[in-house]
Protein chains: 2
Amino acid sequence: MKFSKQREMILNQVLNYPIHPTADQVYTALKTDNPNLSLGTVYRNLNLLSEMGMLMKIRIADGSDRFDGRTDDHYHMVCERCSKVYDVELDTMKALKSCVSDKYGHALTEITLTLKGVCAACTSCTPQTE
Amino acid sequence: MKFSKQREMILNQVLNYPIHPTADQVYTALKTDNPNLSLGTVYRNLNLLSEMGMLMKIRIADGSDRFDGRTDDHYHMVCERCSKVYDVELDTMKALKSCVSDKYGHALTEITLTLKGVCAACTSCTPQTE
DNA sequence: AAGCATAATAGTAATTGTTATCAGTATTAT
DNA sequence: ATAATACTGATAACAATTACTATTATGCTT
């Protein structure tokens with residue numbers, strides 16, 4: 001496996017701007033200074049880096065996938081108003097995992113949890129997006 | 001709101017064959033006896049019936065949406081081998097909901113939880129799909 | 001039962017997010 | 001420096017879903 005400039009740029013973009021960006025957001029951010037960067041390259045590398053465990057892929061049921069430089073055990077909440085993605089620590093998820101395998105005999109390999117709602121900031125303010 | 005034959009057929013198909021079908025599965029099943037049924041009609045009605053609360057839409061992050069005639073509080077597990085969708089009762093999810101709003105101040109409006117893995121049947125057998 | 005307003009349909013085209021293809025280019029080991 | 005090959009950019013392909021529109025069905029009114 002070779003390490004190209006593009007791959008390094010893409011990884012750093014996710015690490016340095018931890019906004020849980022989509023592939024397109026990464027692409028747009030880097031495009032300005034690298035006009036011939038290709039969207040396919042961004043997708044390919046984000047997926048590769050996720051498989052290698054250097055990034056976490058956040059799958060959102062009704063939206064684009066997002067990517068997270070933080071790879072330890074945590075979950076996400078998507079605000080419907082400002083559409084930001086927030087980290088969420090959930091001890092109950094550990095209990096849930098063992099509960100499911102005990103009760104149903106399912107061997108879990110992946111848990112996709114998407115919490116949607118209105119975040120604290122948006123709740124206390126006027127709507128930012130509508 | 002008018003109640004067309006198509007809408008009734010589509011609803012009954014989901015209610016009578018509780019396999020958590022995709023829009024395309026509903027379409028294919030009904031198409032044989034109704035050759036000029038349109039896929040768009042199936043999508044439109046499944047979504048409408050879900051909004052009306054007569055069906056539950058199951059959003060799967062990396063696959064097609066599925067529909068469930070059972071609309072009470074429960075979750076789903078998708079088997080990676082046989083790709084069936086199983087109902088899962090999770091008391092911990094109630095705890096999770098109040099936990100999230102208490103701890104983060106997020107008002108939750110929708111929870112999409114997709115459990116992936118290998119179901120009990122597939123675990124005890126030879127792989128059915130690969 | 002006939003007429004009428006309108007909601008719903010079939011068929012098609014458009015959209016969106018993502019992946020595949022492939023000729024040319026960059027990277028790394030020798 | 002050279003050679004092997006992994007990677008890139010550009011474009012096409014793809015799958016799931018939604019939008020569009022002329023036509024048809026539904027249900028109300030009389």
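Chain A is the first sequence line, chain B the second, and so forth, proteins listed ahead of strands; every chain is numbered from 1.
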When rounded to whole Å, the CZ to C1' distance for the pair B/F3 and D/dC28 reads 18 Å
Rounded to whole Å, CE of B/M9 lies from C1' of C/dA8 at a distance of 13 Å
Whole-Å distance, B/L37 CG to C/dG11 P, equals 9 Å
The residue, B/S64 or B/K5, whose nearest nucleotide of DNA chain D is more 5′ is B/S64
When rounded to whole Å, the CG to C1' distance for the pair B/N36 and D/dA25 reads 13 Å
| query | Is any side-chain N or O of B/N47 closer than 4.0 Å to OP1 or OP2 of D/dT18? | reply | yes
From the candidates C/dA10, C/dT9, D/dC7, the one with an atom nearest any side-chain atom of B/N45 is C/dT9
Applying side chain to side chain contact (heavy atoms under 4.5 Å, CB included) to A/K2 and A/R7, what does each step give before you reach the verdict? CA-CA 9 Å; A/K2 298 170 183 174; A/R7 181 165 301 159; 5.8 Å; no
Can you tell me if A/S38 touches the phosphate of D/dA10, counting only side-chain N or O atoms and a distance under 4.0 Å to OP1 or OP2? no
request  = Using only side-chain N and O atoms of B/R44, determine if any of them is under 4.0 Å from OP1 or OP2 of D/dT18.
outcome  = no
### Task
State yes or no: are the ring centers of B/H106 and A/Y86 separated by less than 6.0 Å?
yes
- Item | Under-4.0 Å side-chain N/O to phosphate OP1/OP2 contact, A/Q6 with D/dG9 | yes
Regarding A/R59 and A/E110, does a basic nitrogen lie under 4.0 Å from an acidic carboxylate oxygen? yes
**Prompt:** When you measure from the side chain of A/Q25 to the backbone N and O of A/T22, does any donor-acceptor pair fall under 3.5 Å?
**Reply:** yes
From CD1 of A/I60 across to P of C/dT18 the rounded distance in Å is 10 Å
- Output yes when at least one side-chain N/O atom of B/N34 is less than 4.0 Å from OP1 or OP2 of C/dT9, else no. no
Between B/I10 and A/S4, the residue closer to the 5' end of DNA chain C by nearest nucleotide is B/I10
In whole angstroms, the gap separating P of D/dA6 from CE of A/M52 amounts to 14 Å
Separation of C/dT18 atom P from A/Y43 atom OH, nearest Å, is 4 Å
Nearest-nucleotide check on DNA chain D, B/R59 vs A/L39; residue mapping nearer the 5' end is A/L39
- Query: Are any of A/T41's side-chain N or O atoms less than 4.0 Å away from OP1 or OP2 of D/dT8?
  - Reply: no
From CG of A/D62 across to P of C/dG17 the rounded distance in Å is 11 Å
Which of B/D102, B/D91, B/D73 passes salt bridge (charged side-chain N to carboxylate O under 4.0 Å, His left out) with B/K97? Answer is B/D73
Margin query: Considering every strand and a 4.0 Å limit on heavy-atom distances, what is the contact class for A/D24: base, sugar-phosphate, or nothing?
Written below: nothing
